[in-house]
Amino acid sequence: MKKIYGILGVFTVVFILTAIMSPSFLTPYNMERLILRTSLFGIISIGVAFVIITSGIDLSIGSIICLIGCGLPWLLVKMTVPLPLAILIVVTLSLLIGLVHGVLITKLKLQPFVVTLCGLLMYRGITRGFTGDQTQGFGKFFSELRWIGVGKVAVPGVPIDTFGIPVPFFLLLMVAILASIFLNRTIYGRYLLALGCNEQAARYSGINTDRMIILAYIICAAMAGLGGVLFILDGNSAQPVVLGNFYELYAIAAAVLGGCSLRGGQGTIIGVVIGTALMQVLRNMITLVDWIPTHIEYAVIGAVILAGVVADEVVKRISASRRAAASRL
Amino acid sequence: MSDSDQQQGLRTPKKSAEPPDLLRVCGVTKSFPGVKALKGVDLHLKAGELLAVIGENGAGKSTLMKILAGVQDYDEGEVLVDGLTVRFKGVEDAFDKGIALIHQELNLADNLDVAANIFLGREPRKAGLLDKARMRRESSIFLDRVGLKVSPDQIVSDLTIGHQQMIEIAKALSVDARVLIMDEPTSSLSQHETEQLFKVIKDLASKNVAIVYISHRLSEVRELADRVTVLRDGDNAGELFRQEATHDNMVRLMVGRDISKYYALEPRSHGAVALKVDKVRTIQNPKHALSFEIKSGEIVGVAGLVGAGRTEMLQTLFGVMPALDGSMEVQGHSVVIRSPIQAIQNGLALVPEDRKQQGLVLEMAVRENMSLASLGRDQNKGFLNHRREQDISREMVAEMKIKTPSDLQEVQYLSGGNQQKVVLGKWLAMKPRVLFLDEPTRGIDVGAKQDIYKLMEKLAEEGVAILFVSSEMEEIIGMSDRAIVMHEGKLTGTLMRDELTEESVMQLATGTQTKPISNN
Ligand SMILES: Nc1ncnc2c1ncn2[C@@H]1O[C@H](COP(=O)(O)OP(=O)(O)OP(=O)(O)O)[C@@H](O)[C@H]1O
Ligand SMILES: [Mg+2]
């Protein structure tokens, strides 16, 4: 729990600063969008957190989002595949991608970076191929389905046209709670943390490390697939060249900000969610605050992540020396 | 002036004429979160002196040595070199004063070759580039001095732990130190390598290098030390000169009470065959098939030189590296073991040789390490059973007398010996039918060793079959109901309890003699 105080503090400060600097920040519409974006990115960040905890990495997330996000409307609209079948295909495909990543990494002992880098290139290329690089979308159709992405739930006392909680937020809530329980309460979560720190010791302890690692990649790809579906439901249409670009980096950054160590074995789900929220507030700040030029977005985000990681390390050292001083007495 | 004149000169009782101690430590303290590791320790050392520092696990030996080598800072007190106060900011500062430390745990870059490791951080250069030829040439000199027959080009990860340890020693020699600190250097060496090391140590001492030697093997301390400094709970417990440094005196100062001699093994009746190994061939030594049996309640020692294939045999039996062929039976049922998971399911347990790599998740708490192997068994439909986890870990911490502020402390902050106890505890919590132990008492103090021996006996009495690998002759002879001996991957013979002597073991271990394997 202590680990998230730092990031929570940074988040609060950035949030308040943005509110002061931009009058449009706290408007209901902006808050709605912020919650929505945090929800979508939160889901994919939680996915990658599992992989990072095994001391792996997944660079293919953005391309999976593209594949699934463009693939779903393509199936439904272009190929006129029935909805249940389209969903079945999309789900199977996501899980399969994770499975293939995991198997290549554990059984063939390929490096996660390499495997998922190839994924990054392949899935986007494939999508551009089968869509003919054309914009994909639902047009006027599938409005019931799109409710999952754009729907809102009313807050008592507030007219829904003014402000409502986006439906994806509840999905994030569900994913986060399940992920938290899995990581902290089940033996499998413990196995993941243990093998992330020392895979050999975990194997000697009778843990099927390969299977656990494969599971982590499947979770990651599944969350990316879910993210892809939500992004397209929210946006209605998307271009295969654009959809999901750099999203893996946002997800990894959020996970790291939230306390996951790329060395593996560390991380909390709540931290990852706050990390994601921080990233989104930052992006929001850059767009809203007039005197910050929008094109320096990446520079700002990079600097803040670096500052966050440094601050985290400093806090850790200070608290360690405090504890040492306490036992000196 | 002749030699004898010089000696006379040295003996003059005038105090002021005496040179200051090469190294002196006054009232040094050091605290870690939750632990006060050093509470004001004193130490002094003259050139050419061979000082042994002993103490129980967690007494603060390694901490003190890390301070002397500039690896760690201290809170209060003073360190003097040649009578001048120093405060090292890092290892380089200590090097400058001629102080080198061989760590208790291996610290090699094992992806690099031997020569690169020996000169790590001090690489000779020619025109700005690495002078590889010179590195290779000079490292062979140091390798020769420690009696290691490996090529400077060999990659370190391909070497056995024992050989890696010798490389650490060669590396320390290459620094040309005035004070050489060795923190448990022999814990992973074979008898032969140990003898070689002792030769090197005595040679260095005769060349006026001061040696600080840390070991839990009191016989080594007796053989080497001019003087023994004993630490207990972060404090000086006393000092013994060569003549006074008997086993009992040392133990009394370390533990604060008398400890009776430990190998109390009484003849036991053994049960049915618990483990039958039939023509199993390992990947490393495919030429030799291994066959033997262990009965339940029997303690069987595995002796041999380092590199005899003992660890590989245990790893194969435990499924870490599946056997090429052959068969195994546990309690009369034939079993297939191709992974540790299957081994554990069949009631086998292995306490591995390398606790840092294979035994522990250093970043996790004592409790989480203790339960790692039994989580699956104690699960509640996939959920963690926190209550049971806590109970088991508290029970083990108490039973094994593990020194830690709480069982929530990360294992990396425990002293080496206490870490070893955590690994043991983890497997005992599994209540195995057959227990493999690979160097179970490595780095463990006398008191704790005795605890472990008692534990082994208790387990045997409960019917557990124990197969343990040890490089300590005393332990093999003292603990085994029966010993099997290996030489270069081959089982060269069995010795019953009454046949066990140092000579009989060595003859089989060096392959100068063989003796048919008998199983009773
Ligand atoms: N980095 C650290 N953080 C917290 N506690 C530590 C740290 N290093 C050592 N300690 C604690 O300080 C005490 C002394 O440890 P030290 O390693 O010096 O013991 P030792 O005498 O070398 O024992 P052993 O014989 O087992 O190697 C132990 O209680 C240990 O748990
Ligand atoms: Mg030590």
Side-chain angles (χ1 to χ4, degrees), chain A residues 1-3 53-55 106-107 177-212 215 259-268 315-329, chain B residues 29-37 39 73 75-76 315 318-320 339-345 348-364 368-386 389 405 410-413 423 426-427 430:
Chain A
M1 264 292 120
K2 242 184 230 156
K3 278 188 196 134
I53 282 171
T54 69
S55 78
T106 53
K107 304 296 179 195
I177 290 173
L178 288 179
S180 247
I181 292 177
F182 182 79
L183 196 59
N184 302 311
R185 294 288 164 95
T186 69
I187 59 172
Y188 309 108
R190 179 69 67 75
Y191 288 172
L192 279 178
L193 292 166
L195 76 87
C197 288
N198 186 345
E199 188 180 341
Q200 210 182 355
R203 200 153 41 82
Y204 273 72
S205 302
I207 295 169
N208 194 334
T209 50
D210 284 358
R211 197 188 294 167
M212 294 309 304
L215 180 65
C260 293
S261 159
L262 287 179
R263 264 174 245 123
Q266 265 178 35
T268 59
V315 169
K316 241 186 256 163
R317 295 211 180 160
I318 292 176
S319 76
S321 66
R322 280 238 184 92
R323 280 198 298 147
S327 61
R328 205 174 292 165
L329 306 172
Chain B
T29 68
K30 171 76 189 173
S31 296
F32 294 110
V35 201
K36 189 149 186 178
K39 301 172 182 162
D73 203 8
D75 302 331
E76 294 152 30
Q315 289 186 339
F318 192 64
V320 178
S339 71
I341 303 167
Q342 288 170 329
I344 291 168
Q345 278 164 356
L348 309 187
L350 166 68
V351 173
E353 178 180 31
D354 184 345
R355 61 171 168 257
K356 228 168 141 186
Q357 301 284 336
Q358 300 154 351
L360 294 169
V361 182
L362 290 170
E363 297 85 351
M364 285 187 142
E368 291 166 344
N369 272 282
M370 209 67 106
S371 65
L372 197 54
S374 42
L375 282 180
R377 181 196 63 192
D378 296 339
Q379 65 178 311
N380 186 356
K381 300 195 185 76
F383 285 88
L384 293 170
N385 190 338
H386 285 292
E389 184 181 19
E410 285 181 25
V411 172
Q412 57 180 324
Y413 300 130
V423 188
K426 162 170 139 184
W427 288 108
M430 287 299 288

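Each chain gets a letter, A, B and so on, in the order its sequence line appears, and its residues count up from 1.
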Find the distance between [atom1] ([X]) and [atom2] ([Y]) and round it off to the nearest 0.5 Å.
X: B/Glu363; Y: A/Gln266; atom1: CD; atom2: CD; answer: 7.5 Å
X: A/Arg190; Y: B/Leu384; atom1: CZ; atom2: CG; answer: 5.0 Å
X: B/Leu372; Y: A/Leu195; atom1: CG; atom2: CG; answer: 9.5 Å
X: A/Asn198; Y: B/Leu362; atom1: CG; atom2: CG; answer: 7.0 Å
X: A/Cys197; Y: B/Met364; atom1: SG; atom2: CE; answer: 5.5 Å

In terms of heavy-atom pairs under 4.5 Å, which option from B/Gln345, B/Gln315, B/Lys30, B/Lys39 contacts chain A the most?
-> B/Gln315
So which of B/Pro405, B/Gly376, B/Gly382 has the biggest tally of heavy-atom pairs under 4.5 Å with chain A?
-> B/Gly382
Please state whether the side chain, the backbone, both or neither of B/Leu360 comes within less than 4.5 Å of a heavy atom of chain A.
-> backbone
Considering all heavy atoms of both residues, which atom of B/Leu375 and which atom of A/Ile187 are nearest to each other, and what is their separation?
-> O-CG2, 3.8 Å
Could you tell me which non-hydrogen atom of B/Phe383 sits nearest to which non-hydrogen atom of A/Ile181, and how far apart they are?
-> CE2-CG2, 3.5 Å
Do any of residues 349-356 of chain B have a heavy atom less than 4.5 Å from a heavy atom of chain A, and if so, which, in residue order?
-> B/Leu350, B/Pro352, B/Lys356
Who pairs with A/Phe182 by ring-ring contact (aromatic ring centres under 6.0 Å, His included), at least two apart in sequence or on another chain?
-> A/Phe50
Under the ring-ring contact (aromatic ring centres under 6.0 Å, His included) test, which residues partner B/Phe318, sequence neighbours left out?
-> B/Trp427
Hey, could you give me each pair passing side-chain hydrogen bond (donor to acceptor under 3.5 Å, both in side chains) that has a residue in residues 369-386 of chain B? Not counting sequence neighbours.
-> B/Ser371-B/Glu389, B/Asp378-B/Arg388
Toward chain B, the part of A/Leu193 with a non-hydrogen atom under 4.5 Å | both
